[in-house]
Every structure is written in structure tokens, then in C-alpha cells.
2 protein chains.
Amino acid sequence: MERGLKMTGQRRVIARVLSESHDHPDVEELYRRASVLDDRISVATVYRTVRLLEENGILERRDFGGGRARYETADEGDHYHLIDVESGQVVEFTHADHAELLRRITAELGFELVSHRLELFARRLPDVSQEQTDQQAQTERKGRSRP
Amino acid sequence: MERGLKMTGQRRVIARVLSESHDHPDVEELYRRASVLDDRISVATVYRTVRLLEENGILERRDFGGGRARYETADEGDHYHLIDVESGQVVEFTHADHAELLRRITAELGFELVSHRLELFARRLPDVSQEQTDQQAQTERKGRSRP
DNA sequence: TTAACTGCAAATGCTTTGCAGGCGG
DNA sequence: CCGCCTGCAAAGCATTTGCAGTTAA
């Protein structure tokens, strides 16, 4: 493997777990899922692997409150997260040009945007079950997410 | 004091430190500043006080990366933070109607916005020292901030 | 008086690490 | 074969908490 990294059994398993995870598991959860496939894996290895992958841009670390880091694969495209404060459920959404807006703001302050963080904490609205407003086009749901 | 709270010497000192702090100190730093005024204060008390004040909406807890929580008084008006990834310096800025934008996005997803988090991590641009663009009006610097 | 508060140190919870043995390339 | 990996348990850190002695109201 490139850069002197070894493809060990544990890493193979963790990689598989990650590619099959379309939510935002924390290390404990990844450890649980990996253990099902191979019970010779330790949490320490999960921590080490997850860190390795994050440093190489494969994974992205998130903080949705609650103290533990949560992870998602980095190749999922630009999106943000809305956390349901009641259930803890995470809803992903995209917003066209939001990053561009932030870049502009940053530039105006005399800086160059390196990265940013945006999380919405919200409460589910009583479902009015109405027709879609035309504004829905701007903010589109992404079709996945179950933490 | 209201709600059975006592105004102790320690709290008086910590309150004073907070009102005089116009940056975003972490607990360690608050402890240091308070100790100067009264060396009979323990970190535990600072932690407890800071938590108390946060629960009562007097203080706001921030996470600018780096592992420790940072605090600022809640009465400073709506603003966001840009963290200089090089120096760690925090620049505050306001952006008209950003909260409103986020509220709209949230509503479109069928939620009611409870709170949100937005942080920009950026690198200082080589100072071009040019005239102000008219866009500067939109994103205005706030006149304070030295972490 | 007495419930709230404080200092101290022990405890927590997540994450990292030192070490000695394993194992992939 | 050699250096990268792993499990285990100990160590780190920021923060919280149990306890017994204070103190504000």
C-alpha cells in the first residue's frame, strides 16, 4: 500500500464497516459494528484507524454535541447537518452556494477560508403535510441519514 | 439573591473577571485571572460557576477547537467567530440575516430552529491594504477581540 | 439556623500511548 | 526480515462530583 501503510485484517474490517455506514457513528459504535465481523479488534485500533483515515482526508470528524466524535466518509459531497434536539437524529441537507457565501465573508475580513463548521439544532415541527413550497427547491433533502 | 443563589466572594470575583473579559477565555484562563484578585478560588468553583451561568443564559459556551470550552458573555449581540488557524486568534463578525436564512432552511426541512453553530477557520490573507469595497458594509467587523 | 457553597481530591468519560508480541510486504 | 500494527492496560485531559467543613441570608 502507498506510504508504507499495511492493509491488515483489522483495517480491512473497519474500512468495510465504514463503507457500509451511511449514518454518523461514533467510535464506540464503529467498534461494535466491527466486532460483529471480527471480534479480535480492540477499541484502540478503531481509534487509531479512524484518526489515520481522518488525517488522510478519507473520513471527516463531526461534533454533534454529546461529547463523542462522530465520523462520516468524506466523499459524500458537500452537505450540512441538522440535529434533532429531541431525538438526536441527524438530517443532512445541502444548501447551494452556502460555502461560497462564507468564503466571501471570510475574504471581506481579510482571510482565506480554510474550513468551516455549521450545525443546526432544531425541533421537529408538527407535520402539516402540505404541498411542497417552491422554496423547497433551494434546500434539498439528501436521501440518507439514520443515526 | 433570586432562586436561592448566594452571592459569595468567589462568585463576585468570577463575575467581575467575566465582565472585564472581552475575549473568549477558557476555564483555565478564567481561573488564572480570578486568582489574581483572590487566590482562595479553586478551579472546581470556576467550573461550577461557569456552568451555572451558562445554564442561566448569562454565559455562552464556545468550541473553537483545541479541546477546551471557551466562554463569552451572552449579552454581546449576535455575532459569529472566525478563528485564525495560524495564530488561534478569534475575530468576531456579524452577518445580517444569517440567522434568518438558517431559520428558513430549517423550516423547509420541517423543523424549528433552536440554536446553531457557525465557525469559520481561516488563514490571514497577505495584507493588500486596499480601499474598502462596498461589500464591506454587509459583513462588518465588531470592534473587539483579542484571545 | 441551614441550605447553598467551597476546596480538595478522587472519579469520570473520551481518547491517546507505551510496550511487547504479531504480521504484512 | 523489518518496520508497521495490534491488544492491553496505563496514562492524559478536561470536566464533574462526593465529602466535610464554610458561609451567606
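When reading the values below, keep in mind they use all heavy atoms of this one structure, side chains included, and skip hydrogens, waters and symmetry mates.
- For D63(B) and R117(B), the salt-bridge test fails: no basic side-chain N is under 4.0 Å from an acidic carboxylate O.
- The side chain of A44(B) has dA9(C) as its nearest neighbour among dA14(D), dT6(C), dA9(C).
- I41(B) places its CD1 atom 14 Å from the P atom of dT23(D), with the value rounded to the nearest Å.
- Protein atom CG of L30(A) is 14 Å distant from nucleotide atom P of dC14(C), rounded to whole Å.
- Between D63(B) atom CG and dT15(D) atom C1' the separation is 14 Å, expressed in whole Å.
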_If you apply the rule ring-ring contact (aromatic ring centres under 6.0 Å, His included), what do you find for H98(A) with Y80(A), and how did you get there?_
CA-CA 10 Å; H98(A) 204 115; Y80(A) 297 101; 5.6 Å; yes
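- Rounded to a whole Å, the CD atom of E29(A) is 16 Å from the C1' atom of dC14(C).
- Between R12(A) and dC5(D) there is no side-chain N or O to OP1 or OP2 distance below 4.0 Å.
- Atom CD in E54(B) sits roughly 11 Å away from atom P in dT15(D) (whole-Å rounding).
- Residue R70(B) contributes atom CZ, which lies 13 Å from atom P of dA14(D) at whole-angstrom precision.
- The side chain of R40(B) places no N or O atom within less than 4.0 Å of a non-bridging phosphate oxygen (OP1 or OP2) of dC5(C).
- A salt bridge links R33(A) with E29(A); the closest basic N to acidic carboxylate O contact falls under 4.0 Å.
- With H24(A) as reference, H81(A) is the one residue of H81(A), R62(A), R70(A) to meet the side-chain hydrogen bond (donor to acceptor under 3.5 Å, both in side chains) rule.
- Computed from coordinates, the L52(B) CG to dT17(D) C1' distance equals 16 Å when rounded to whole Å.
- Taking 4.0 angstrom as the limit, T8(B) places none of its side-chain polar atoms (N or O) nearer than this to OP1 or OP2 of dA4(C).
- Taking only side-chain atoms of Y47(B), from C-beta outward, the nucleotide of dT17(C), dT15(D), dC8(C) with the closest atom is dT15(D).
- Contacts of R48(B) with the nucleic acid, taken as non-hydrogen atoms under 4.0 Å apart, include base atoms.
- Along DNA chain D, the nucleotide nearest to G9(B) and the one nearest to D26(B) differ in position, and the one closer to the 5' end is contacted by D26(B).
- Checking dA14(D), dT17(C), dT17(D) against every side-chain atom of R68(B), the shortest atom distance belongs to dA14(D).
- Spacing between atom CE of M7(B) and atom P of dT22(D) amounts to 23 Å, rounded to whole angstrom units.
- Distances were taken from every side-chain heavy atom of K6(B) (C-beta onward) to each of dG18(D), dA14(D), dA4(C); the shortest belongs to dA4(C).
- Salt-bridge check for D84(A) with R124(A): passed, with a basic side-chain N closer than 4.0 Å to an acidic carboxylate O.
- Using a 4.0 Å cut-off, some side-chain N or O of R11(B) falls inside it from OP1 or OP2 of dC5(C).
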